[in-house]
2 protein chains.
Amino acid sequence: MLAKRNCIIRLSRYKSVLYRLRDLGFVRVFSDNLGDAIGVTASQVRKDFSVFGITGNRKGGYEVSHLIDRLNGILGKNRVEKVIIVGAGHLAYALMHYGGFEKEGIKIEAAFDIDPSKYNREAPVPVLPVEEMKEFVSSRNIKVCVLAVPEVAAQRAADGIFAAGIKGILNFTSMMLKAPDDCSVNNVNLEVELENLIYFVNLLGQEKKKGALPSP
Amino acid sequence: MLAKRNCIIRLSRYKSVLYRLRDLGFVRVFSDNLGDAIGVTASQVRKDFSVFGITGNRKGGYEVSHLIDRLNGILGKNRVEKVIIVGAGHLAYALMHYGGFEKEGIKIEAAFDIDPSKYNREAPVPVLPVEEMKEFVSSRNIKVCVLAVPEVAAQRAADGIFAAGIKGILNFTSMMLKAPDDCSVNNVNLEVELENLIYFVNLLGQEKKKGALPSP
DNA sequence: TAGATTGTTAATCGATTAACAATC
DNA sequence: TAGATTGTTAATCGATTAACAATC
């Protein structure tokens, strides 16, 4: 399952490019173009499509709108996906005010916190006490959650989230969460990402100084 | 180079676990334990260490403090890494107020924006006009930048950032940036991450209903 | 038709894992 | 010593790429 993660991420990226192409008035696109746009080979593009039974037109390439529909179908974007946030800190605030989710059919329904000073039932995205999470989630059949609490509270919060019936967590904490078998966790760790970037920046800097590539 | 990305990310995760172990008073650790902690095999752990010449003690495992030092050395964490943010929106605000960077030796020096109403030279992390970025970056020898501007401004902003001498961008926009050969871009795309999570949640949901795994 | 692009198979490549001798 | 764990090599696995027949 992890195996396919990269493939699914590529599908998302193809889709993102296709939306832009459609806005520009493009009707057809070739595997070559799509590969260039997201930085993979044309073979990779055709292979990815082939895996999911997406076919184009020998000679004519792929039809942009049709491709978007197919990708949305595969990615389950045919309906609005409801999401909650646990932990109403700065990051949650940024996510609640981020405009990019709506166009992707992602709706943030509420945020939850343990701090009463954060509660706000009147806001466009209400901030509610965690005690209300389970009822909120089950009555609305919500399956996905963003976890943005302090590190020390992460696993305990996750346990409560899974107990409430959530099946997938987008985890912004630096804890590697333990999760039930039928649940998914995707980790987004800003320290790790920055650390990684710093490593490669330093590496490229050293290569430059040495004037040669490091041994493989 | 992309090839090694996953390996370097594992090193960051090992390090994160090791800090916690050290806080708990652990002195030694086995490849088995580390593998369990971040969800990889013991072989993978030893292989990762072997690649970078990290050795332990046959029988005695690895010494926690020594391992932390070695990993910090490899990841370039022996000195504080200075970082700027371009785009002073909600996400930048969250990053500026995030406490997790300091302990990782990452210091956010300033944020830059084109909107005068955002400027604030007195804040702990000042918000400055983009016109001052180039001078700021070169005088302080800053190499890494977080990009958090609206999508439409992304490539143009990136061009300016690279022109200012930055070598690595952590890109929060959904544009795939074009970058010079000697520069790195790491993408963190929240829509893509959520979309990915939703895909796997739906997939697991369907498996459950069918009571069987889908064909491979 | 001739030319160009897909769809798919086979070849390649690289990363992960297993196995085991070395050794503490 | 006997037992356990490393370090490393070889085997496996999976993902990417190249190639090319099918075909629009």
Over how many whole Å does the gap from [X] atom [atom1] to [N] atom [atom2] extend?
{"X": "B:Lys47", "N": "D:dT12", "atom1": "NZ", "atom2": "P", "answer": "16 Å"}
{"X": "A:His66", "N": "C:dT6", "atom1": "NE2", "atom2": "P", "answer": "15 Å"}
{"X": "B:Leu34", "N": "D:dT5", "atom1": "CG", "atom2": "C1'", "answer": "13 Å"}
{"X": "B:Ile9", "N": "C:dT16", "atom1": "CD1", "atom2": "P", "answer": "11 Å"}
{"X": "A:Phe49", "N": "C:dG7", "atom1": "CZ", "atom2": "P", "answer": "9 Å"}
{"X": "B:Arg5", "N": "C:dG14", "atom1": "CZ", "atom2": "P", "answer": "19 Å"}
{"X": "B:Lys4", "N": "C:dA15", "atom1": "NZ", "atom2": "P", "answer": "9 Å"}
{"X": "A:Arg46", "N": "D:dT16", "atom1": "CZ", "atom2": "P", "answer": "15 Å"}

Closer than 4.0 Å, any side-chain N/O of [X] to the OP1 or OP2 of [N]?
{"X": "A:Thr41", "N": "D:dT16", "answer": "no"}
{"X": "B:Tyr62", "N": "C:dC24", "answer": "no"}
{"X": "B:Ser31", "N": "D:dT6", "answer": "yes"}
{"X": "B:Ser43", "N": "C:dA18", "answer": "no"}
{"X": "B:Arg10", "N": "C:dT16", "answer": "yes"}

- Nearest-nucleotide check on DNA chain C, A:Gly60 vs B:Gln44; residue mapping nearer the 5' end is A:Gly60
- Please walk me through it: do B:Asn72 and B:Asn78 pass side-chain hydrogen bond (donor to acceptor under 3.5 Å, both in side chains)? CA-CA 6 Å; B:Asn72 276 331; B:Asn78 296 327; 5.5 Å; no
- Message: Going by purine N1 to pyrimidine N3 plus the second Watson-Crick contact, or the G-U wobble pair, all under 3.5 Å, which nucleotide sits opposite D:dA10?
- Response: C:dT17
- Partner nucleotide of C:dT23 by Watson-Crick or wobble geometry (both distances under 3.5 Å): D:dA4
- Task: Indicate, with yes or no, if the rings of B:Tyr93 and A:Tyr93 have centres closer together than 6.0 Å.
- Result: no
- Message: Can you tell me which nucleotide in C:dA10, D:dC24, D:dG3 comes closest to the side chain of A:Asn57?
- Response: D:dC24
- Main-chain N/O of B:Met175 paired with B:Glu151 side-chain donor or acceptor, under 3.5 Å: no
- Item | Polar pair under 3.5 Å, donor/acceptor by atom type, side chain A:Arg58, base C:dT5 | no
- Message: For a quick check under 3.5 Å, do B:Tyr98 and A:Glu191 share a side-chain donor-acceptor pair by atom type?
- Response: yes
- Query: Is a side-chain donor-acceptor pair under 3.5 Å present for B:Asn57 with B:Lys59?
  - Reply: no
- Comparing A:Lys59 with B:Ala42, nearest DNA chain D nucleotide closer to 5' gives the residue B:Ala42
